[in-house]
Enquirer: 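Next up is a structure, given as structure tokens.
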Amino acid sequence: MTADASFDRLEDDDYPAYTMGRAAELLGTTQGFLRAIGEARLITPLRSPGGHRRYSRYQLRIAARARELVDHGTPIEAACRIVILEDQLEEAQRINAEYRRAAATTGTPTTAA
């Protein structure tokens with residue numbers, strides 16, 4: 001792989017570019033927090049060939065949202081559930097918008113949601 005190809009992967013939100021230590025540093029949290037949200041199944045980091053956790057930028061955004069909730073007093077398990085539900089709602093809204101656009105271009109009537 002060329003150096004240019006390696007740098008292109010860093011632009012990929014799903015590329016696991018960050019070690020646990022670096023991820024914790026970027027989030028201003030502890031490695032224990034990252035382990036806890038992993039145990040709560042909020043995020044599942046990729047493992048390097050040596051077994052070390054690696055995090056993507058997308059996972060760091062999810063972890064940052066969980067940390068924000070925890071910092072405001074929400075228990076970690078509840079914070080993880082809230083973030084999961086927020087993510088599911090965002091995806092459902094995106095799909096709904098796609099269906100509405102498709103219906104609008106075909107002239108199919110839609111019902112109010």
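Bear in mind that the values here come from a model prediction, so they are computed numbers and not experimental data.
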Enquirer: For E91, give me all partners under side-chain hydrogen bond (donor to acceptor under 3.5 Å, both in side chains), at least two apart in sequence or on another chain.
Expert: R94
Enquirer: Can you measure from OH (Y55) to CG (L27) and round to the nearest 0.5 angstrom?
Expert: 9.5 Å
Enquirer: To the nearest 0.5 Å, what is the distance between OH (Y18) and CZ (R57)?
Expert: 6.0 Å
Enquirer: To the nearest 0.5 angstrom, please state how far the CD atom of E77 sits from the CG atom of L42.
Expert: 11.5 Å
Enquirer: If hydrophobic clusters are built from ILVMFWY residues whose side chains come within less than 4.5 Å, do I37 and Y58 share one?
Expert: yes
Enquirer: Report yes or no: does T74 contribute a side-chain atom to a donor-acceptor pair with the main-chain N or O of V70 at less than 3.5 Å?
Expert: no
Enquirer: How many angstroms lie between atom CG of L85 and atom SG of C80, to the nearest 0.5 angstrom?
Expert: 11.5 Å
Enquirer: R65 vs D87, test: salt bridge (charged side-chain N to carboxylate O under 4.0 Å, His left out). Steps then yes/no.
Expert: CA-CA 11 Å; R65 176 65 179 132; D87 196 48; over 6 Å; no
Enquirer: Taking the side chain as C-beta and beyond, is there a heavy-atom pair between T19 and H52 under 4.5 Å?
Expert: no
Enquirer: Taking T29 for the side chain and A24 for the main chain, is one N or O donor matched with an acceptor at less than 3.5 Å?
Expert: no
Enquirer: Atom CD1 of I43 and atom CZ of R61: how far apart are they, to the nearest 0.5 Å?
Expert: 12.0 Å
Enquirer: Can L26 be reached from M20 by stepping across I, L, V, M, F, W or Y side chains whose heavy atoms are under 4.5 Å apart?
Expert: yes
Enquirer: Checking Q88 now: which residues fulfil side-chain hydrogen bond (donor to acceptor under 3.5 Å, both in side chains) with it, not counting sequence neighbours?
Expert: none
Enquirer: May I have all residue pairs that pass salt bridge (charged side-chain N to carboxylate O under 4.0 Å, His left out) and include part of residues 33-53, sequence neighbours excluded?
Expert: none
Enquirer: Does I84 reach the side chain of R81, with side-chain heavy atoms less than 4.5 Å apart?
Expert: yes
Enquirer: When rounded to the nearest 0.5 angstrom, what distance separates CD in Q59 from CZ in R54?
Expert: 12.5 Å
